[in-house]
Amino acid sequence: MKKEKIAVAYSGGLDTSVIVKWLQENYDAEVITVTGNLGQKKELVGVPEKAYKSGAKKVFMQDLTHEFVHEYIFPALKAGALYEHTYPMATSLGRPLLAKALVEVAKREKCTAVAHGCTGKGNDQVRFEVSVMALAPELKVIAPLREWEFKSREEEIAYCEKHGIPVKATKASPYSIDENIWGTSIECGILEDPMEVAPEDAYTRTVSPQNAPNKPAYVTIEFKSGVPVGLNEKKMDAVALIDKLNEIGGANGIGRLDLVENRLVGIKSREVYEAPAATILHFAHRELERLTLDKEVMHYKAKLSNDYADIIYNGTWFSPLRKALDGFVNETQKNVTGLVKVKLYKGNVEVAGRTSPYSLYDMKLATYTVEDTFDHKASEGFIKIYGLPLKTYNQVNKEKFAKVKKALKRKKK
Ligand code: ARG
């Protein structure tokens with residue numbers, strides 16, 4: 001019988017290294033690894049060698065950073081998508097893209113199945129598998145962590161030693177960390193107690209606001225149709241721009257988030273995030289929308305932002321609803337062009353100025369000086385009609401109540 005061929009989403013970490021060997025043993029399979037770079041700073045050197053040593057037949061490394069930024073991060077930014085009004089979803093946005101890269105290799109290499117290293121109680125397994133189901137319904141998905149017998153890190157390390165898989169001698173971090181260009185997600189260890197403040201050693205890309213410089217940093221961000229295209233009057237490639245904002249933001253203690261969130265699988269979990277660039281860009285983008293969006297569009301879009309965030313968080317990125325919402329969002333972004341100057345100071349982002357060729361702000365209407373062109377008299381008639389329903393409601397009720405009370409009194413007598 002022909003051997004099963006499985007493509008594994010491989011990070012180079014302990015779990016996925018064990019998976020490579022474990023699939024060979026338990027599925028009698030030929031294993032191919034696929035590793036995607038999403039702009040994380042953690043070095044990917046040595047990953048291919050490790051994959052081979054773990055038993056991979058073929059090893060694929062792909063730089064997905066540009067695609068991640070333009071096709072996943074920017075649509076989410078334009079939509080204003082923050083899960084539970086807070087989390088910019090670095091992890092959630094990465095999963096559908098990694099699944100897509102995995103599926104592409106699996107199809108090309110004629111694999112019968114794909115596998116991933118997500119646990120059985122998280123959101124990531126859902127995002128991964130639902131994405132594969134949407135992109136390649138014919139592919140089987142294997143989730144070894146839901147199946148295998150290992151109960152601890154130590155047992156996995158022992159398995160590696162038995163099979164000659166290299167394990168790093170570094171002390172294991174007490175945290176589970178996922179990182180890419182849009183942010184870092186940190187959980188486990190002491191963070192599992194929501195009453196415990198996150199210790200400094202949980203953070204890797206931001207300084208504590210307390211230790212940030214005593215002088216603010218100013219950055220001017222240029223947007224074109226809802227996406228950032230330049231910094232401080234200089235046009236910039238999107239990846240370089242986000243890297244730069246991560247650096248400046250991180251140095252000023254921007255983007256630390258501490259969140260008790262509702263997972264799709266029904267658990268409340270506490271996670272800490274670091275997302276300097278995402279925090280600054282969402283803030284600046286919102287400021288520019290305040291200037292350029294029509295009131296009704298702006299208010300309506302706020303409702304859709306929540307739905308859009310839920311779609312990303314809940315793993316249905318490749319859905320017709322997300323595409324339809326993109327249609328709406330892109331229409332709203334046509335005039336979201338201009339400059340936003342932000343002040344970064346000890347963990348805070350403040351607006352220090354905004355301007356747009358499509359600004360709807362009319363100084364002549366807003367001013368309290370002699371330049372004023374607003375028709376003050378027109379307000380009188382407007383208020384009369386606008387307040388009429390409330391006036392009528394209360395008048396009628398008062399009269400009715402008076403009559404009813406009188407009638408009741410008479411009855412008692
Ligand atoms: N809670 C986040 C999400 O579901 C991040 C999950 C991964 N976190 C981690 N520390 N490995 O998107």
Side-chain angles (χ1 to χ4, degrees), residues 9-19 35-42 68 72-73 75-77 79 81-99 116-131 143-146 153 156 172-194 196 198-199 201-206 255-279 282 305-318 322:
Y10 184 70
S11 72
L14 181 62
D15 284 339
T16 51
S17 296
V18 172
I19 285 176
T35 305
N37 180 7
L38 298 179
Q40 61 270 36
K41 286 285 159 277
K42 208 180 83 197
F68 187 40
Y72 295 75
I73 290 174
L77 176 65
L82 296 168
Y83 185 62
E84 297 186 337
H85 301 287
T86 310
Y87 165 43
M89 297 184 289
T91 299
S92 335
L93 282 163
R95 300 305 170 198
L97 175 55
L98 288 172
H116 62 74
C118 309
T119 75
K121 61 191 291 187
N123 297 312
D124 287 330
Q125 53 175 346
V126 183
R127 296 169 183 148
F128 223 93
E129 293 181 35
V130 169
S131 296
L145 270 74
R146 294 200 299 249
R153 218 183 132 78
E156 289 184 49
S173 158
Y175 310 109
S176 158
I177 297 175
D178 182 62
E179 183 203 294
N180 64 46
I181 192 170
W182 202 227
T184 302
S185 309
I186 311 132
E187 60 179 355
C188 301
I190 185 114
L191 302 174
E192 286 181 355
D193 181 350
E196 285 288 342
D201 75 354
Y203 298 104
T204 56
R205 62 200 289 178
T206 54
R256 287 187 174 190
L257 306 163
D258 183 328
L259 183 65
V260 173
E261 71 194 43
N262 291 293
R263 278 191 199 162
L264 179 58
V265 294
I267 302 168
K268 273 194 195 293
S269 70
R270 192 273 191 105
E271 188 131 15
V272 168
Y273 299 101
E274 293 179 283
T279 301
H282 269 287
S305 292
N306 273 332
D307 295 338
Y308 202 102
D310 286 350
I311 288 173
I312 297 171
Y313 191 86
N314 295 338
T316 49
W317 179 263
F318 297 111
R322 202 263 305 166

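We count ligands from 1, going down the list as the structure has it; atoms in each ligand are counted the same way. Just so you know, residue 1 is the first one in the sequence shown, and it goes up from there.
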(request) Have a look at ligand 1 and work out which part of Arg127, if any, has a heavy atom under 4.0 Å from it: side chain, backbone, both or neither. (result) side chain
(request) Give a yes/no on ligand 1: does Arg263 have at least one heavy atom closer than 4.0 angstrom to it? (result) no
(request) Measure from NZ or CZ of Arg256 to the centre of the six-membered ring of Tyr203, then state whether that distance is under 6.0 Å and the direction lies within 45° of the axis. (result) yes
(request) Indicate whether any N or O donor in one side chain lies under 3.5 Å from an N or O acceptor in the other, for Tyr175 and Asp201. (result) yes
(message) Could you work out, with ring pair (Phe, Tyr, Trp, His ring centres under 6.0 Å) as the rule, every residue matching Phe128, not counting sequence neighbours?
(response) His116
(message) Quick test of your reading of the structure: of Asn123, Val265, Thr119, whose heavy atom lies closest to atom 4 (O) of ligand 1?
(response) Asn123
(request) Answer yes if the side chains of Glu261 and Tyr313 hold a donor-acceptor pair under 3.5 Å, and no otherwise. (result) yes
(request) Quick one: look up the protein heavy atom nearest atom 12 (O) of ligand 1 and list residue, atom name and how far away it is. (result) Tyr87 OH, 2.7 Å
(request) Mark the output for Tyr175 as yes if a heavy-atom distance to ligand 1 is under 4.0 Å, and as no if none is. (result) no
(message) Give me the residue, atom name and distance of the protein heavy atom closest to atom 11 (N) of ligand 1.
(response) Ser176 OG, 3.0 Å
(request) Apply the side chain to side chain donor-acceptor pair (under 3.5 Å) test between Thr91 and each candidate in Asp124, Asp178, Thr184, Asn123; give the one that qualifies. (result) Asp178
(message) Does any N or O of ligand 1 fall below 3.5 Å from an N or O anywhere on Asp124, backbone included?
(response) no
(request) Look at Arg146 together with Glu129 and state whether they make a salt bridge at an N to O cut-off of under 4.0 Å. (result) yes
(request) Return yes when Glu271 approaches ligand 1 closer than 4.0 angstrom through a heavy atom, no otherwise. (result) yes
(request) Give the residue and atom name of whichever protein heavy atom lies nearest to atom 2 (C) of ligand 1, and the separation in Å to one decimal. (result) Tyr273 OH, 3.2 Å
(message) Which label fits His282 and Trp182: parallel for a plane angle under 30°, tilted from 30 to 60°, or perpendicular past 60°?
(response) tilted
(request) Give yes or no for whether the N/O distance cutoff of 3.5 Å, strictly under, is met between Thr91 and ligand 1. (result) no
